[in-house]
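Proteins get letters first, then strands, A, B, ... in listed order; numbering begins at 1 in each. On a predicted model such as this, the values are computed, not experimentally measured, just so you know.
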Amino acid sequence: MTNAHPPSRDLPAQFVPGEVEGRLYERWLERGYFEADPKSDKPPYCIVIPPPNVTGSLHLGHAMDHTLIDALTRRRRMQGYDALYLPGMDHAGIATQSVVERQLADAGEPGRRQMGREAFVARIWAWKAESGGAILGQMRRLGEGVDWTRERFTLDDGLSRAVQTVFTQMFDDGLIYRAERLVNWSPALQSAISDIEVDHREVEGELVSIRYGDGDDAVVVATTRVETMLGDTAVAVHPDDERYRHLVGRTIRMPITGRDIPVIADDHVDPAFGTGALKITPAHDPNDFEIGRRHGLPMPTIMDEAGVIADSGTRFDGLDRFAAREAVREELRAQGRIVEERRPYRHSIGHDSRTGVPIEPRLSLQWFVRVERLAKAAGDAVRAGDTRIHPPELASRYFDWVDSMHDWCISRQLWWGHRIPVWYGPDGQTICVGPEEEPPSGAGWRQDDDVLDTWFSSGLWPFSTLGWPERTPDLDRYYPTSVLVTGYDILFFWVVRMMMFGLYAMHAVPFRDVYLHGLIRDEHGRKMSKSKGNVIDPLELIDAFGADALRFTIARGSNPGTDMSLSTEWVAGSRNFVTKLWNATRFALANGVTVDMPLPGEPTDADRWILGRLREVREETDALLEEFQFAKATEGLYHFTWDELCDWYVELAKVQLRDESTAQGTRAVLGHVLDALLKLLHPVAPFVTEELWTTLSGGESVVVAPWPVDAGRPVDPAAAARVADLQKLVTEVRRFRTEQGLPDSRRVAARVADVSGDAEAALRALARLEPDGDGFAPTATVEVVLSDGAARVELDTSAAIDVAAERARLGRDLAAARKELEQAEKKLGNPKFVEKAPPTVVDGIRARRETAAADIERVTARLEALPTP
RNA sequence: GGGCGCGUAGCUCAGCGGGAGAGCACUCGGCUUACACCCGAGCGGUCGCAGGUUCGAACCCUGCCGCGCCCA
């Protein structure tokens, strides 16, 4: 293999992320590693980005999406797939329009209505050009392996064509209709919004009981929105309610408006609730609307788009709805109409999820998607397993939603978005104009003013980005996409819509797997919010600790469907891990390690052990990643790297490297393990692994290096057991030293019995023991029961030992062994246990009993041998 | 009100039928030629409460208490 960049075989003492990340990323782009190739003979793998809003900047939620998607696609690329991570952004209708409107207001410029539609939309485009770049820059900082040649925007020409095409098809299929309905109206946005854009929250309001009518004909009704009485057109009671039977069919005179309204009987009135009589305001309450429809009641609208009382024919016209509430209440009070007031009265009301303003149900003419058939298909596809939801617990939420979905209001009274492709003619014609058709011209024709809900276009994202409605090579190859990665919070907003549209337009699910991650919270599990001041900016974390550290932290915390807590300390911990990896590789390089050296024909126990562990870890990592278990996979690699490779193998390697007979084999094993480990870590920590792997291997790039399918060797249980014994022995001697206050710098003469030659050399190095020379006079003995019998280390501490400390140490050992013996004997003393438990379990307990008994005997002897004070 | 989930070491979490774990924090000792962003040794928990199933329960079942989320 020829190398464009001959490796320099050594590394700076410190990894400084800021100095290498940009350079590496540019190199990856130059070489086109991230560009997909539909003509390739490799199997395809595709993930489309959940498009961030152009308004914003990357927050930790995005960083999580992006880290996980990038990890999945990088791994597949290494596994030999033609992997496509497709980037793009969402025009985010309401959010973006609001931002620009606020900018205009702040700058004291004319508002959008004064500017006019065309100028205002042009203004947003200009702003988008400027702000859209911020996110792209942040994605590069995170190291995302996206195919920039395929970047898309929900409002670009191709995607707009896709929107128009789907709209037309659905219109022709009768799946899109226009109707006057009571919709969720946001007085703040002055637009309709869909059900899921409404948050229901408890508020402290008031419940006011009002008397309508007089004398025997009086009826008391209660309401939390007194002002709506201006739009009342009936009072409803239950047909079987004796209290009101005499009133049904008669009229009752309203206070303030002086209108006579009918008393009607309707089964839906709950006679047990309140007085059993209900005021009916059909144009301003969903239930009242239904009752009004059933009884053919008039439906006067008494508020305008901004929530200001209008056309009520009363003096309250012009008052904001909340001011009107007070004013109407006071007027009623003055007229002696108020029977009771409960305040505060806690009840749940809908709020516009974007602005937080209470929703005003409003009767208006809007466009809807008839969802029944589409939602059923979306549910069935998951039931049939065509798309799998991870974690499965969240599938039930999905089913609940699709199985009881209401028609979707898709028109928005905004300007920024896909304009509804419907034209109205001078004689009342309504025609839907497809992308290949010319809109009607001539006097009296005009296009619908509204734009589509943003989620309408994001719902098409998995195929519109691949070129639909054209039948492009990309579309043929990458649809259905492989996985969708997103937060569970937009399961309904987005995932359901993509399922519905994908099945409708493509007749196939949009993705095979859906991985739903949780939210990133602060270090105490609280939601991050600007008002709490606990928001962490991912770029600051990248600046402080490097992109790899942030990515590693996110991956390590991502259990399916579960929120994670994150603090700078955690990211610092990941940075430390990256540093550890860096230094381990530096150690290898300094000792002449390269990859592809032939593994030793006669590996040492340590070699066999670490190669076996590598095999196991690689298999676990693969299995976990296939199940989207990012946290567990990452955690496993963390511990393998730190606790096994660095803490033990590298230390043992130092001994082996000093010995001619094992030095070369050790280099080969270290090279082999690091080669595989760097590859395994690359998907989550791309920068540091690239820098280390290219230096170590001289290879072109780990981005395109093959995934280590054959890493390691089959486990050698005997060798593994001997290494475990050695670890136990070393730890026990270290413990003795610590208890005796013997610093590491102080070598202690020791005589070792019943330990193999190799192990003894390792023990002496790791426990800082020196040979027993002339005049060796042991002052203490450390005994350890190992898998094949007891080992003994006699130590000459060259002074009287601290007997009290040693007595304490042995005392703890004795207590532990006694507890162990007691537990084992209790179990074995239970005949039912011996009879019913599996033999392997019983044998295990027996072995523990024997070990404990031996420990007690040994420790007791040692204690007795100690000099008495 | 319905549904889902969670209560395990000071904090954040993993473990989900057979010996209570991790990271951080804390204590003690160390600049041991990869690493002080480090090394070594430790401290720390009636696994929310109460019943039940089982030879055996943090783990399965039931109830209760507390918390979160989604939907009404």
Side-chain angles (χ1 to χ4, degrees), chain A residues 11 13-15 195-196 199-200 348 350 391-401 404 488-489 491-492 518-519 521-527 545-546 549 553 556-557 559 561-570 572-591 593 629 631-632 635-636 638-639 642-643 646-647 650-651 653-654 670 730-747 765-768 809 812 816 819-820 823-824 826-838 840-842 844-845 847-848 851-852:
Chain A
L11 291 165
Q14 288 241 313
F15 174 58
D195 289 349
I196 53 174
D199 289 338
H200 291 271
S348 176
E393 306 93 86
L394 287 173
S396 58
R397 262 187 209 185
Y398 174 88
F399 292 132
D400 287 348
W401 181 259
S404 61
Y488 62 69
D489 54 327
L491 179 64
F492 305 141
L519 272 46
R521 295 169 174 277
D522 78 1
E523 59 192 308
H524 295 295
R526 295 173 306 185
K527 207 166 174 173
F545 303 109
T553 305
R556 195 178 174 192
N559 284 115
T562 311
D563 294 349
M564 73 170 291
S565 300
L566 185 144
S567 69
T568 52
E569 283 76 21
W570 289 52
S574 299
R575 184 271 322 267
N576 295 352
F577 174 75
V578 166
T579 306
K580 193 73 180 171
L581 196 63
W582 181 266
N583 284 312
T585 308
R586 277 179 62 225
F587 170 82
L589 286 166
N591 284 281
V593 168
Q629 296 285 355
K632 286 172 190 154
E635 186 76 2
Y638 176 93
H639 287 292
W642 204 310
D643 303 346
C646 292
D647 283 354
V650 167
E651 294 306 319
K654 289 174 183 172
L670 246 187
V730 168
T731 302
E732 284 303 311
V733 175
R734 283 173 175 169
R735 197 171 146 236
F736 169 82
R737 296 182 56 124
T738 298
E739 304 279 340
Q740 289 298 322
L742 299 166
D744 292 346
S745 52
R746 165 110 178 270
R747 301 245 163 207
L766 270 56
R768 318 224 130 232
R809 181 178 78 89
R812 280 195 296 275
K819 190 179 169 198
E820 175 81 356
Q823 285 178 344
K826 191 177 162 199
K827 286 199 170 195
L828 293 167
N830 178 355
K832 284 182 174 173
F833 170 72
V834 181
E835 182 190 333
K836 293 197 171 183
T840 50
V841 172
V842 178
I845 301 287
R848 280 166 55 194
T851 307

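Between the side chain of A/Arg737 and the backbone N or O of A/Arg746 there is at least one donor-acceptor pair closer than 3.5 Å.
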Protein and nucleotides 52-56 of chain B: nitrogen or oxygen contacts under 3.5 angstrom:
| unit_1 | atom_1 | unit_2 | atom_2 | d |
| --- | --- | --- | --- | --- |
| B/rC55 | OP1 | A/Lys836 | NZ | 2.3 |
| B/rC55 | O2' | A/Asn830 | ND2 | 2.6 |

Between N or O atoms, less than 3.5 Å apart, protein on one side and nucleotides 22-25 of chain B on the other: list the pairs.
| unit_1 | atom_1 | unit_2 | atom_2 | d |
| --- | --- | --- | --- | --- |
| B/rA22 | O2' | A/Glu635 | OE2 | 3.1 |
| B/rA22 | O2' | A/His639 | NE2 | 3.1 |

Tabulate protein N/O versus nucleotide N/O from nucleotides 70-72 of chain B, keeping only pairs under 3.5 Å, one per line.
none

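In this structure, A/Lys827 NZ and A/Gln823 CD are separated by 8.0 Å, a value rounded to the nearest 0.5 Å. Interatomic distance, A/Thr568 OG1 to A/Asp522 CG, rounded to the nearest 0.5 Å: 11.0 Å. A/Arg809 CZ to A/Glu732 CD: the interatomic distance, rounded to the nearest 0.5 Å, is 6.5 Å.
One can find a donor-acceptor pair under 3.5 Å joining the base of B/rG19 and the side-chain atoms of A/Arg848. Residue A/Gln14 places a side-chain atom within donor-acceptor reach of the base of B/rC37, judged by atom type and a 3.5 Å distance cut-off alone.
Listed nucleotides B/rA34, B/rC13, B/rC35 differ in distance to A/Ser565; the shortest reach to its side chain belongs to B/rC13. For A/Glu651, whose side chain is taken as the heavy atoms from C-beta onward, the closest listed nucleotide among B/rG42, B/rG40, B/rA34 is B/rA34.
Per the geometry, CG belonging to A/Asp563 stands 13 Å off P belonging to B/rC6, to the nearest Å. The CG atom of A/Asp489 sits 16 Å away from the C1' atom of B/rG5 (whole-angstrom rounding).
When the side-chain nitrogen and oxygen atoms of A/Thr738 are compared with OP1 and OP2 of B/rG42, none of them lie within a distance under 4.0 Å. The shortest distance between the side-chain N/O atoms of A/Lys580 and the OP1/OP2 oxygens of B/rC38 is not below 4.0 Å.
For the pair A/Lys832 and A/Glu835, the salt-bridge criterion is not met [side-chain N within less than 4.0 Å of a carboxylate O].
Annotation: B/rG3 and B/rA57 have their C1' atoms spaced 27 Å apart (nearest Å). Here the separation of B/rG45 from B/rU12, taken at their C1' atoms, is 16 Å to the nearest Å. Here, B/rG10 and B/rC43 have their C1' atoms 12 Å apart, quoted to the whole Å. Spacing between B/rC69 and B/rA36 at atom C1', rounded to whole Å, works out to 43 Å. Straight-line distance between the P atoms of B/rC37 and B/rC26: roughly 15 Å, to the nearest whole Å. To the nearest whole angstrom, the two P atoms, one in B/rU8 and one in B/rC47, are 11 Å apart. Separating the P atom of B/rC49 from that of B/rG2 is a span of 26 Å, rounded to the nearest Å. Taking atom P on both nucleotides, B/rG48 is separated from B/rA58 by 10 Å, rounded to a whole Å.
For A/Thr585, there are no side-chain hydrogen bond (donor to acceptor under 3.5 Å, both in side chains) partners two or more places apart in sequence or in a different chain. For A/Asn583, the side-chain contact (heavy atoms from CB on, under 4.5 Å) test picks out A/Thr579, A/Arg586, with sequence neighbours left out.
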Show your working on salt bridge (charged side-chain N to carboxylate O under 4.0 Å, His left out) between A/Glu651 and A/Lys654 and close with a plain yes or no.
CA-CA 5 Å; A/Glu651 294 306 319; A/Lys654 289 174 183 172; 3.1 Å; yes
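Residue A/Lys654 is classed as a base contact, given a heavy-atom separation below 4.0 Å to a base.
Counting only Watson-Crick or G-U wobble pairs whose defining distances are both under 3.5 Å, the stems of 3 or more consecutive pairs in RNA chain B are B:1-7 with B:65-71, B:10-13 with B:21-24, B:26-30 with B:38-42, B:48-52 with B:60-64.
Taking each heavy atom of A/Thr553 and A/Ser574 in turn, the nearest pair found is OG1-OG, 2.6 Å.
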